[in-house]
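Written below as structure tokens is the structure these notes are about.
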Amino acid sequence: MVHDAHRHIGVLPAYPFYGGPSVNPDTTARATVKQLIADLDTEGTERALVIPNYGVPDPAIAFSFNELALEAAQSDDRIRAGLWVSPRPEDAQRTEAALQLAGEPGVKALKLSFLLGGRPTDPACRPQLDRIFAEAARHGLVVHVHTSPGAASDIDEVGHLVDWYADQVPVHLVHFGGGMSGHIKLAGSRFFDWITAGKRVYTDLSWAIGFTPRWLAQEIERRGIGHDRVLFASDQPWGDFTGEYARLAEATGGGELGDLVFRATFAALYD
């Protein structure tokens with residue numbers, strides 16, 4: 001039985017990504033709570049944090065799935081909801097509507113991504129960031145932030161959110177930097193430096209390049225910190241539950257670290 005700290009709900013429309021034909025790459029996306037629960041049963045997933053699906057460059061679609069994530073959390077005690085919010089000033093009204101749901105039963109996180117626009121260091125985004133993190137602090141929520149190499153999701157950009165807000169609010173860095181540069185910066189020192197400084201920083205290893213889970217586990221053991229800051233995440237439908245589980249289980253082994261990664265840290269953060 002595992003706890004999944006990051007997966008999605010909602011079916012996106014086909015889109016011509018990267019100038020190609022319109023496609024639906026997220027082939028296991030789920031449109032209903034019933035379908036989601038069937039997946040949890042098949043996998044043996046005991047707890048899950050469910051977040052609106054996104055990727056098509058229209059923020060309105062991601063916002064539209066907030067009610068579905070909330071429905072999932074209020075339909076089954078195994079499920080917790082993460083709500084889509086945005087730091088872009090253009091999305092302020094929709095973000096405010098999402099934040100009105102932040103105190104609802106089952107809501108445990110707010111999800112930010114700069115893939116659909118904005119940048120942590122853009123002064124125009126700072127008022128909305130302050131508002132989002134203030135509401136997260138008020139309701140005891142975790143803020144999930146997408147990380148990937150380059151552009152506004154690079155760890156050098158996203159890391160500012162840890163510096164500014166993670167004294168008061170848990171910040172979950174999704175994908176552990178998302179690529180070679182982010183992995184090396186984080187596992188090489190920055191992730192542990194933040195922990196040592198008292199920052200409430202967490203991460204998952206979905207999408208991580210092959211060497212990373214094993215190296216991070218070795219660094220945790222060598223440094224003696226970070227055991228309770230890493231969570232398993234499938235990132236379904238963009239990730240693959242079977243593959244993500246297998247490589248993280250191999251890296252963490254069957255001892256205390258594995259129990260924390262697959263169960264106990266999620267329970268401490270969301271239960």
Side-chain angles (χ1 to χ4, degrees), residues 1-18 20-86 88 91 93-95 97-102 104-117 141-146 148 172 174-175 204 206-207 231-245 266 270:
M1 302 295 286
V2 300
H3 298 182
D4 185 348
H6 165 209
R7 66 191 298 149
H8 300 276
I9 192 168
V11 174
L12 299 171
Y15 185 79
F17 295 97
Y18 308 113
S22 293
V23 293
N24 292 99
D26 53 336
T27 57
T28 59
R30 301 306 186 213
T32 69
V33 175
K34 183 178 180 180
Q35 291 171 328
L36 171 68
I37 291 173
D39 285 347
L40 301 184
D41 291 340
T42 299
E43 297 161 359
T45 299
E46 189 176 16
R47 293 281 189 276
L49 182 77
V50 176
I51 294 166
N53 199 7
Y54 73 102
V56 171
D58 180 357
I61 296 172
F63 278 106
S64 74
F65 295 140
N66 275 341
E67 294 284 355
L68 186 57
L70 185 59
E71 178 192 344
Q74 296 181 350
S75 298
D76 192 311
D77 187 56
R78 290 179 294 174
I79 300 171
R80 308 290 182 255
L83 301 176
W84 180 268
V85 293
S86 169
R88 302 193 322 150
D91 295 327
Q93 187 172 354
R94 286 182 289 217
T95 293
L99 292 176
Q100 296 307 307
L101 302 174
E104 288 287 322
V107 175
K108 297 294 182 179
L110 303 175
K111 173 63 182 280
L112 283 176
S113 174
F114 297 94
L115 293 182
L116 304 188
L141 306 179
V142 181
V143 175
H144 281 229
V145 187
H146 177 97
S148 62
H172 178 146
V174 175
H175 305 319
D204 69 66
S206 58
W207 289 27
L231 301 105
F232 168 71
S234 71
D235 195 26
Q236 290 279 143
W238 299 101
D240 168 64
F241 183 94
T242 303
E244 298 290 354
Y245 177 86
F266 182 103
Y270 299 115

- Note on the structure: Across all chains, not counting sequence neighbours, the ring pair (Phe, Tyr, Trp, His ring centres under 6.0 Å) partners of Phe241 are Phe232
- Item | Test side-chain contact (heavy atoms from CB on, under 4.5 Å) applied to Glu67 - qualifying residues, sequence neighbours left out | Leu70, Leu101
- Query: Could you go step by step and tell me if Val174 and Trp207 meet the side chain to side chain contact (heavy atoms under 4.5 Å, CB included) rule?
  - Reply: CA-CA 9 Å; Val174 175; Trp207 289 27; over 6 Å; no
- Query: So which heavy atom on Leu49 is nearest to which on Gly82, and how close?
  - Reply: CD1-N, 4.0 Å
- Message: To check you understand the geometry: which heavy-atom pair defines the closest contact between Ala233 and His6, and what is its length?
- Response: CB-CB, 3.5 Å
- How close do Pro105 and Gln74 get, heavy atom to heavy atom, and via which atoms? O-NE2, 3.1 Å
- Message: Just verifying a value: how many Å separate Phe63 CZ and Asp91 CG, rounded to the nearest 0.5 Å?
- Response: 4.5 Å
- Closest non-hydrogen atom pair between Ser234 and Glu244, with its separation: O-CG, 3.9 Å
- Query: Would you find a donor on one side and an acceptor on the other, under 3.5 Å apart, between the side chain of Asp26 and the backbone of Pro237?
  - Reply: no
- Note on the structure: Minimal heavy-atom distance between Phe65 and Val11, with the atoms involved, is CZ-O, 3.4 Å
- Message: With a 3.5 Å distance limit and no angle check, can you tell me whether Asn66 reaches the backbone of Trp84 through a side-chain donor-acceptor pair?
- Response: yes
- Out of curiosity, Ile79 CD1 to Arg47 CZ, how far, rounded to the nearest 0.5 Å? 10.5 Å
- For the atom pair CG (Asp204) and NE2 (His172), what is the distance rounded to the nearest 0.5 Å? 3.5 Å
- Message: Among Leu112, Val85, Leu110, exactly one meets side chain to side chain contact (heavy atoms under 4.5 Å, CB included) together with Thr95. Which residue is that?
- Response: Val85
- Query: Hey, mind stepping through Tyr245 and Asp240 against side chain to side chain contact (heavy atoms under 4.5 Å, CB included) and telling me if it holds?
  - Reply: CA-CA 8 Å; Tyr245 177 86; Asp240 168 64; over 6 Å; no
- Message: Can you tell me how far apart CG (Asp76) and CG (Leu36) are? Round to the nearest 0.5 Å.
- Response: 8.5 Å
- Item | Pairs touching residues 27-43 that satisfy salt bridge (charged side-chain N to carboxylate O under 4.0 Å, His left out), sequence neighbours left out | Arg7-Glu43, Arg30-Asp39, Asp41-Arg78
- What's the spacing between Ile9 CD1 and Thr32 OG1 if we round to 0.5 Å? 7.0 Å
- Taking all atoms of both residues into account, what is the closest heavy-atom pair of Gly55 and Leu12, and its distance? N-CD1, 4.0 Å
- Would you call the rings of His146 and Tyr54 parallel, tilted or perpendicular, where under 30° means parallel and over 60° means perpendicular? perpendicular
- Query: For the side chain of Asp4 and the backbone of Ala48, is there at least one donor-acceptor N/O pair under 3.5 Å apart?
  - Reply: no
- Message: With no hydrogens and no angle check, just 3.5 Å: does a side-chain donor-acceptor pair link Asp235 and Ser206?
- Response: no
- Query: Can you tell me if His8 uses its side chain to pair, donor with acceptor, with the backbone of Gln236 under 3.5 Å?
  - Reply: no
- Query: To the nearest 0.5 Å, what is the distance between NE2 (His3) and OH (Tyr270)?
  - Reply: 12.5 Å
